[in-house]
Amino acid sequence: MNRGENGEAVLPGDIARRVIDPHAYAQWDGLLDTFDAIRAETPVVKVQPDTPGLFDPFWLVTRYDDVMRISKDNATFLNNPRPVVFSFNQAIEFSRAATGSNMLVDSLVVFDAPIHPKYRKLTQEWFMPRNLAQLEGELRALAARTVDNMIAAGPEVDFVKLVSGPYPLRVVMQILGVPPEDEFRMQMLTQQLFGGQDKDLSGSGMENMTPEQVVQIVAGAVKTFEDYFAQIAEDRRRNPTNDVASVIANALVDGKPLPPRDMAGYYIIVATAGHDTTSASTAGAMQALARDPEQFARVRTDRSLLPGIVEEAIRWTSPVQHFMRTAAEDVEIGGQQVRKGDWLMINYVAANHDPAQFPDPRSFDAARSPNRHLAFGAGAHQCLGLHLARLEMRILFEALLDRVAAVEPAGSASRASSTFVGGLKTLPLRITPA
Ligand code: HEM
């Protein structure tokens with residue numbers, strides 16, 4: 001560990017690079033080793049670029065207790081005005097040039113009080129278990145179709161491609177009123193929107209473009225999203241249904257409907273927050289079951305084990321790997337003096353593998369109790385869709401356990417290279433139908 005100008009703990013350059021390098025996140029065990037070493041020596045530590053201007057320095061927070069404290073203290077640790085996801089300065093400049101904002105879309109995650117609670121309240125009830133119960137029938141039908149497709153493609157399948165990718169995507173699209181025929185277009189637009197920011201997103205075709213071209217494409221994608229969702233909102237105002245799209249379309253804040261940009265932001269945050277995250281945890285649960293045939297056999301006959309498996313998969317995978325906060329005032333945390341305006345990374349992967357909170361944190365223990373993980377965050381911004389994520393996963397695995405007698409790995413799985421939302425990219429399995 002090094003010391004900075006004011007005596008603060010600073011991460012040595014080679015380790016700092018791993019914290020901000022998307023490729024380091026593709027090597028899970030290596031990543032956990034890195035966070036274990038950092039947490040043991042300096043649980044709160046400054047990360048700064050070795051090339052000045054590449055990114056703004058920030059405090060990395062790795063201990064469970066510290067991440068919990070920051071998450072719950074929304075007055076001291078703000079989601080605005082600095083970006084709420086780690087970004088290189090060039091990406092932040094793209095975003096500002098294209099949209100006038102640090103983040104490409106303004107939404108719940110970038111609002112603080114007093115705006116945040118007003119926007120959050122609009123859909124909070126819709127996402128509660130009592131209301132979600134009405135989705136169960138549709139989810140069961142979708143889960144059954146998805147698993148049947150996988151079995152038809154078997155016995156060797158890529159679980160990510162056939163199940164854990166498409167199923168959560170269809171769920172969020174459905175609740176947002178996007179028909180199946182527009183799903184691909186929405187995926188492409190999302191890639192255009194975030195492809196300029198995520199250096200690692202291959203296939204976006206943006207690697208070879210000038211900054212001006214990227215800004216143009218991103219601004220175009222935002223506009224297309226706005227127009228698309230404005231149409232859905234128009235329809236839901238005339239013909240409201242019981243979906244979340246109708247709630248957003250008819251919502252009033254301070255007596256007025258949401259402006260088009262905020263409405264699009266709301267739809268986009270639900271679409272993006274609800275997809276890759278649930279996919280990653282679903283794939284992780286399946287990977288754990290495939291590696292442990294006895295556990296698979298047990299849960300087939302005793303479905304009461306399923307909620308424990310789902311919860312542990314969410315901790316074990318921690319798909320949202322971090323969020324950023326900005327200090328609203330000087331504050332001490334983990335023995336370090338954080339100054340007003342400083343940027344902090346609350347790292348959920350590190351917190352959810354903190355041995356002080358989770359004994360033997362790398363093992364998948366479906367009976368872990370308590371399992372008060374931070375994969376959904378905590379405090380005012382705690383995941384809005386957490387009940388939906390759990391419900392989706394439980395229903396999918398019920399359908400799967402009804403139809404699959406046994407499952408085993410059929411090759412090595414691979415992880416995405418991303419510092420923000422991460423998880424398995426491929427999961428080859430051999431399936432034995434029931
Ligand atoms: C926020 C994780 C699924 C919608 C968050 C946050 C995390 C998270 C860590 C930030 C919490 C904080 O700042 O304290 C996850 C994980 C999921 C998942 C791990 C799946 C396993 C979903 C689903 C939806 C959703 C299915 C909706 C369909 C949201 C929204 C926010 C959010 C709208 C912003 C809330 C706010 O800022 O007030 N999620 N999420 N998430 N999530 Fe999820």
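Quick caveat: nothing in here was measured; it's all calculated off a predicted structure.
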Contacts under 3.5 angstrom, residues 170-178 side chains, donor-acceptor by atom type, not counting sequence neighbours:
from, atom 1, to, atom 2, distance (Å)
R170, NE, E183, OE1, 2.4
R170, NH1, Q174, OE1, 3.1
R170, NH2, V178, O, 2.7
R170, NH2, E183, OE1, 3.1
Q174, NE2, E138, OE1, 2.4

Return the orientation label for the W343 and F58 ring planes: parallel under 30°, perpendicular over 60°, tilted otherwise.
-> perpendicular
With a 4.0 Å cut-off, would you call [X] and [Y] a salt bridge?
{"X": "K340", "Y": "E329", "result": "no"}
{"X": "D360", "Y": "R368", "result": "no"}
{"X": "R339", "Y": "D330", "result": "yes"}

Non-hydrogen side-chain atoms of [X] and [Y] separated by less than 4.5 Å:
{"X": "V84", "Y": "R325", "value": "yes"}
{"X": "W59", "Y": "D66", "value": "no"}
{"X": "E136", "Y": "I395", "value": "yes"}

Could you walk me through whether Y228 and D182 pass side-chain contact (heavy atoms from CB on, under 4.5 Å), step by step?
-> CA-CA 10 Å; Y228 183 86; D182 289 349; 2.6 Å; yes
What residue pairs, at least two apart or across chains, pass ring-ring contact (aromatic ring centres under 6.0 Å, His included) with a residue in residues 268-302?
->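 Applying ring-ring contact (aromatic ring centres under 6.0 Å, His included) to every pair that reaches into residues 268-302, excluding sequence neighbours, yields nothing.
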Of all pairs that satisfy ring-ring contact (aromatic ring centres under 6.0 Å, His included), the ones with a partner from residues 391-429, not counting sequence neighbours = H322-F420, F323-F420
According to the salt bridge (Lys or Arg N to Asp or Glu O under 4.0 Å) rule, which pairs have a member within residues 19-37, sequence neighbours left out?
->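 Every pair satisfying salt bridge (Lys or Arg N to Asp or Glu O under 4.0 Å) with a residue in residues 19-37: D29-R362, D33-R362, D36-R39, D36-R362.
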Centroid-centroid distance, F55 to F86, less than 6.0 Å | yes
I need the minimum non-hydrogen distance between [X] and [Y], along with the two atoms involved.
{"X": "L132", "Y": "L388", "value": "CD1-N, 3.5 Å"}
{"X": "I309", "Y": "A366", "value": "CG1-CB, 3.6 Å"}
{"X": "S417", "Y": "H23", "value": "OG-ND1, 3.4 Å"}
{"X": "I92", "Y": "P83", "value": "CD1-CG, 3.6 Å"}
{"X": "N74", "Y": "H381", "value": "ND2-CD2, 3.8 Å"}

K425: what forms a salt bridge (Lys or Arg N to Asp or Glu O under 4.0 Å) with it, not counting sequence neighbours?
-> none
Apply side-chain contact (heavy atoms from CB on, under 4.5 Å) to M68 and R63, showing your working.
-> CA-CA 9 Å; M68 180 69 93; R63 221 159 37 183; over 6 Å; no
Chi angles and distances behind the side-chain contact (heavy atoms from CB on, under 4.5 Å) call for M393, S281 | CA-CA 8 Å; M393 288 178 67; S281 288; 3.8 Å; yes
Check each of F364, W316, Y64 against F358 using the ring-ring contact (aromatic ring centres under 6.0 Å, His included) test, and report the only one that passes.
->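 That would be Y64.
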Check the pair L169 / M186 against side-chain contact (heavy atoms from CB on, under 4.5 Å), numbers first and verdict last.
-> CA-CA 10 Å; L169 177 65; M186 287 291 111; over 6 Å; no
What pairs meet the side chain to side chain donor-acceptor pair (under 3.5 Å) rule with one or both residues in residues 384-394, with sequence neighbours excluded?
-> E311-R390, R394-E398
